[in-house]
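What follows is a single structure, written as structure tokens, with notes after it.
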Number of protein chains: 6
Amino acid sequence: MVYITRREQFNAAHKLYNPKWSEERNNEIFGKCANPNWHGHNYHLYVTVKGEINPDTGYSVNLKELSAIIRKHIIDKLDHKNLNLDVDFIKNVMPSTENVAIAIWNELTPHIGTLGCQLHCIKLYETENNYVEYFGG
Amino acid sequence: MVYITRREQFNAAHKLYNPKWSEERNNEIFGKCANPNWHGHNYHLYVTVKGEINPDTGYSVNLKELSAIIRKHIIDKLDHKNLNLDVDFIKNVMPSTENVAIAIWNELTPHIGTLGCQLHCIKLYETENNYVEYFGG
Amino acid sequence: MVYITRREQFNAAHKLYNPKWSEERNNEIFGKCANPNWHGHNYHLYVTVKGEINPDTGYSVNLKELSAIIRKHIIDKLDHKNLNLDVDFIKNVMPSTENVAIAIWNELTPHIGTLGCQLHCIKLYETENNYVEYFGG
Amino acid sequence: MVYITRREQFNAAHKLYNPKWSEERNNEIFGKCANPNWHGHNYHLYVTVKGEINPDTGYSVNLKELSAIIRKHIIDKLDHKNLNLDVDFIKNVMPSTENVAIAIWNELTPHIGTLGCQLHCIKLYETENNYVEYFGG
Amino acid sequence: MVYITRREQFNAAHKLYNPKWSEERNNEIFGKCANPNWHGHNYHLYVTVKGEINPDTGYSVNLKELSAIIRKHIIDKLDHKNLNLDVDFIKNVMPSTENVAIAIWNELTPHIGTLGCQLHCIKLYETENNYVEYFGG
Amino acid sequence: MVYITRREQFNAAHKLYNPKWSEERNNEIFGKCANPNWHGHNYHLYVTVKGEINPDTGYSVNLKELSAIIRKHIIDKLDHKNLNLDVDFIKNVMPSTENVAIAIWNELTPHIGTLGCQLHCIKLYETENNYVEYFGG
């Protein structure tokens, strides 16, 4: 069993703002992240899958296929988008790094299975100083 | 004469869209960058100044003071902001990396002079694959 | 359960020297690290905590609060200091990367609990080629 | 118990080509990696070992000794070599990142034991976008 | 006048070997780089162009177009190739980083002109420790 | 004429303290850098030389020779040292990044000439956020 990781990237806008709260409370909790006109990030996404090695290829997964799946189901929907407004699978949750990572996990899981391996970890960098890891349920 | 560089960062939203053009032409020229709901980046800003060394300090500039000036005049106005809507000194221009770099140069120049050195270069990374350098007029 | 990591940095001096040993043995074991006049590093500290997501914020932990705790209890005590001489919680141990990582774990643990999450890992880079991870006792 | 990691590097040529297959099938599966005249990479190798701390040194392992073992048994045999042709311990397997990582694990394991610690992980970057981790059988 | 830089990458094999010399002299001058079975690198290529800003776009050059030209004329010909054997425009010269950088300059120059800007610098990293810059003639 | 750069590294302790000044003034100007017990950094040194290409080698300079000269004359004297106390060629100046870069320039210049090329730039990173460039005279 080996673990292999593919890095992809997307650039997106978002804000963190809870409409059930007053503006004061939003600013107290979210600070600059609550700016009504949005801000944004270069997100770096690391998708780790685990599997057995195919002796004919030496591959646990074909990274061209893994990359194609990540781009079709995640990057094309998040890149140069607004995470609060534009993404069908990030509705009704706050687009924090935690929630975006979990949403990516849920979206990718069924597709990874078709590659003969298993999703192990979603690691999502919001900045060079902050990242989230999610290993499933 | 030595050159010293300070790196600062800001996370901002923007879009590239020319209101004088049709939507088709905007999409043709700006592609994903024209998304109406914005996108964003982690911008890395490198400010290079040149000066003579003060023999009492060994400094060409005190980086604490340089950093304070960059933060007050640039970072506090750009970080977690929308470059199209929120920034007084980036009005009436397209917020491309080129124009943002030039606007930062113009904004910083008078303040750098108070430190006894001279602004040499603004280098602005939009992503790890793209950056702009501006050396003035 | 998600894992979130915050990076902070400190620049410090230290040396590795065992006073119970001869100078020859110190040089044999510690090499250049035993230089009596000290040397130093830019340490990169990654603090990983794990927790449940608060549905009102989307946060497992508020990174502003996590960063403030790391800065107050760790960075302010280690940055621009001598790890052998200046730090109350690194007394009586050799300031190797291993021992500094464990000391940081012990110092941070009670404070992380006040944030509603749990310390998972201290990862400490001494150089770009060397790092230590500690997951607790 | 702490985990300590040493990074080393090697620059090597390889190709991925299965001689049991037609050229069409090789190109379909391996794409550009099947180029008959080879291609190459700057591989970054992270070797993680775990152990108890020696109170006399503060070390779980002496990194000079760990580095010397990695260089003697791995880097000297892989650096500026052809992974398909030149390496005694990567014969009869496809030199994919997965298989190279496992071969390094097998080659290093007996030598790590002589240092009083235990091999925990081989992490091998083929590019900044792809890496493999192997934790043993 | 602003300077804008696009980073692209290619992974290639090569060797440095002068057929006019004895094997001893090749080994003395080129060392491990003379390995007859090749070795390879992940090359990072930075292409810097300079130009005036178009007020309708805020662009000095459209990076999509610049990237497309670099990929068509350089990356597609170098990526996953052997620099000694496979590249039409690197014939009859030693494929050192210097000569590859100059060959890229010569190959790109006529195409950059079609974008309305001017090639300023080719910066080519062979490893994280070595890079070459060429500014033309 | 091409420019080629070699990166080397050293880890050193220093402090910034002017003995002609009061402690108050030292703290005001140098802040944490004046800590009497020293602090330290991982310095990254980039040495750029320029020269013509030798058609027999494709080299403007043999990087093995350049690296050997940098290591002998600079790294061996600065690595794991105290820049205020241990270095013969950094006496009588404040060991600021500026002054260390200039001292390295002066120390290297005569040796670079023996390689048939010319020293162009010393670039010295003190942290990932601060660096100095010196081009001589």
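Within every chain, numbering begins at 1; the chains are lettered A, B, ... in the order of the sequence lines, protein sequences first and strands thereafter.
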Per-residue contact mode, Glu126(E) against chain D (heavy atom under 4.5 angstrom): backbone
Nearest-0.5 Å distance that lies between atom OH in Tyr17(E) and atom CG in Asn27(E): 7.5 Å
Of all the residues in residues 53-79 of chain E, which have a heavy atom that comes within less than 4.5 Å of a heavy atom in chain D? Asp79(E)
Name the member of Lys15(E), Gln9(E), Lys32(E) that forms the most heavy-atom pairs with chain D at distances under 4.5 Å. Lys32(E)
Distance from Leu124(D) atom CG to Glu133(D) atom CD, nearest 0.5 Å? 10.5 Å
Evaluate the side chain to side chain contact (heavy atoms under 4.5 Å, CB included) criterion for residues Thr5(E) and Arg7(E): first the C-alpha distance (whole Å), next the side-chain angles of each, then the deciding distance (0.1 Å), finally the verdict. CA-CA 7 Å; Thr5(E) 300; Arg7(E) 183 180 77 140; 5.9 Å; no
NE2-CZ distance between His80(D) and Phe30(E), expressed to the nearest 0.5 angstrom: 12.0 Å
Working to the nearest 0.5 Å, report the span between CZ of Phe135(D) and CD1 of Ile122(D). 10.5 Å
Test: Lys123(D) cationic atom under 6.0 Å from Tyr131(D) six-membered ring centre, within 45° of axis: yes
I need the Glu28(E) CD to Trp21(E) CH2 distance, nearest 0.5 Å. 8.5 Å
Qualifying salt bridge (Lys or Arg N to Asp or Glu O under 4.0 Å) pairs with a residue from residues 33-42 of chain D, counting only residues at least two apart or across chains: none
Taking heavy atoms only and a threshold strictly under 4.5 Å, list by residue number the residues of residues 82-120 of chain D that touch chain E; give 'none' if the list is empty. Asn82(D), Leu85(D), Asp86(D)
Can you check whether anything in residues 34-42 of chain D gets within less than 4.5 Å of chain E, heavy-atom wise, and list it by number? Asn35(D), Asn37(D), Trp38(D), His39(D), Gly40(D), His41(D), Asn42(D)
